[in-house]
Amino acid sequence: DPSIVIFESPTNNDIFLAPVDVVITTAITDSLGVAKAQFYSNDYLLFEDTTQPYSFTWTNLSPAYYTVKVVAVDIVQGKTTNSISFYVNYKPTVQITSPTNGNFFPPSSSITINASANDPDITGSITKVDFYNGTNLLFSDASAPYSFPWINIPMGKYQIRVIAYDNLNTPSDPAIAYVGFHTGLL
């Protein structure tokens, strides 16, 4: 019987944030006995392990789509392979371009919240930008330029939060601006 190669980690199509070390662990069974596990990327031997659990730590990975093939070699040199793929991704970035932090406006005013977003990955793209009042989602914009017309805002202080998402649905860290709507000093 051929060997059975099961990936314990990562799972197929996992997403990691760069830079990252990814531990690839397999469980291998063979009725004759396992001699070794070989870890390959693009037919390049990365590592060879001779003891259970068969694992390899791939260090300091940059953003890309990776496929790792494990070749299980039994004691009579029979070979069985299995592969897994995963992504390494940079977080997108987002900035609120207007209003600026600390701006004040008259009560019942309307403002347009504008944001710029970027995905630094070579093949990445921004799929949407979410606009929040605190934790309350106001609007999602799926195309640049990213903006939301916030109308008739009552008197008070508000936290505007904006989060961008990339093509792997990875969220940015939030951009935050505090604004106030009042008739005098708060």
Side-chain angles (χ1 to χ4, degrees), residues 1-97 114-132 137 140-146 161-176:
D1 290 339
S3 299
I4 298 171
V5 179
I6 299 171
F7 284 92
E8 294 179 340
S9 70
T11 59
N12 203 40
N13 293 320
D14 269 354
I15 300 171
F16 299 93
L17 292 178
V20 67
D21 298 343
V22 176
V23 179
I24 302 154
T25 304
T26 63
I28 302 173
T29 57
D30 188 289
S31 60
L32 299 174
V34 178
K36 61 186 170 184
Q38 298 172 317
F39 295 81
Y40 288 89
S41 175
N42 298 325
D43 296 322
Y44 175 78
L45 179 63
L46 299 169
F47 186 72
E48 196 169 88
D49 196 354
T50 57
T51 57
Q52 284 271 20
Y54 300 100
S55 67
F56 165 65
T57 301
W58 204 351
T59 60
N60 201 31
L61 294 178
S62 299
Y65 183 73
Y66 292 89
T67 299
V68 174
K69 176 175 73 174
V70 172
V71 177
V73 181
D74 66 24
I75 60 172
V76 294
Q77 299 304 301
K79 295 181 179 180
T80 303
T81 65
N82 196 0
S83 296
I84 193 165
S85 297
F86 58 89
Y87 295 90
V88 175
N89 191 27
Y90 282 131
K91 281 184 179 184
T93 59
V94 67
Q95 293 180 320
I96 298 171
T97 56
N114 294 299
S116 63
N118 179 51
D119 188 355
D121 302 327
I122 294 170
T123 59
S125 60
I126 299 298
T127 58
K128 70 175 180 173
V129 173
D130 287 346
F131 294 85
Y132 294 85
L137 179 64
S140 292
D141 193 345
S143 61
Y146 305 104
R161 287 184 340 121
V162 177
I163 300 174
Y165 291 83
D166 70 8
N167 56 307
L168 297 176
N169 206 33
T170 302
S172 68
D173 291 329
I176 297 173

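Every value quoted in this text rests on a predicted model; they were computed, and no experiment measured them.
- Closest approach of Ala175 to Ile96, counting heavy atoms only: O-CD1, 3.6 Å.
- A 4.5 Å side-chain heavy-atom check between Asn12 and Ser85 finds at least one atom pair inside the cut-off.
- Residue Val70 comes nearest to Ile28 through the heavy atom pair CG1-CD1, 4.3 Å, listed as atom of the first residue, atom of the second, then distance.
- Considering OG1 of Thr170 and CD1 of Ile15, their distance stands at 5.0 Å, rounded to 0.5 Å.
- Side-chain contact check for Phe86 versus Leu61: some heavy-atom pair is nearer than 4.5 Å.
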Please test Ser140 against Asp130 for side chain to side chain donor-acceptor pair (under 3.5 Å), starting from the C-alpha separation and ending with a verdict.
CA-CA 4 Å; Ser140 292; Asp130 287 346; 2.4 Å; yes
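- Between Pro92 and Ala164, the shortest heavy-atom contact is CG-O, 3.7 Å.
- Within the structure, salt bridge (charged side-chain N to carboxylate O under 4.0 Å, His left out) pairs that include any residue of residues 22-47 comprise Lys36-Glu48, Asp43-Lys69 (at least two apart or interchain).
- Atom CD1 of Ile176 sits about 8.5 Å away from atom CD1 of Ile163, to the nearest 0.5 Å.
- Taking 4.5 Å as the limit, some side-chain heavy atom of Trp58 sits within range of a side-chain heavy atom of Val68.
- To the nearest 0.5 Å, atoms CD (Glu8) and CD1 (Ile24) are separated by 13.0 Å.
- For Tyr146, the ring-ring contact (aromatic ring centres under 6.0 Å, His included) test picks out no residue, with sequence neighbours left out.
- For Asn118 (side chain) and Thr93 (main-chain N/O), no donor-acceptor pair under 3.5 Å exists by modelled atom type.
- Between Phe16 and Tyr66, the closest side-chain pair of non-hydrogen atoms is not below 4.5 Å.
- Remark: side-chain polar atoms of Thr97 are paired, donor with acceptor, to backbone N or O of Asn114 under 3.5 angstrom.
- The nearest pair of heavy atoms linking Leu32 to Ile75 is O-CD1, 2.9 Å.
- For Asp173, the side chain to side chain contact (heavy atoms under 4.5 Å, CB included) criterion is met by Lys91, not counting sequence neighbours.
- By the neighbour-count criterion of 12 heavy atoms within 6.0 Å, atom CD of Gln95 is sparsely surrounded, having that number or fewer from other residues, nucleotides or ligands.
- In this structure, CG on Asp121 lies 4.0 Å from CG on Asn89, to the nearest 0.5 angstrom.
- When side chains are defined from C-beta on, Pro10 counts as touching Val22, because their heavy atoms get closer than 4.5 Å.
- Atom OG of Ser125 is separated from atom CG of Asp166 by 7.5 Å, given to the nearest 0.5 angstrom.
- Here the shortest heavy-atom pairing between Ser55 and Asp49 reads N-OD2, 3.0 Å.
- Taken from CG in Asn82 to CD1 in Ile6, the straight-line distance is 8.5 Å, to the nearest 0.5 Å.
- Considering every non-hydrogen atom in both Phe7 and Ile84, the closest pair reads CE2-CG2, 3.4 Å.
- Side chain of Thr127 to main chain of Tyr165: a donor-acceptor pair is present (N/O by atom type, distance under 3.5 Å, no hydrogens or angles).
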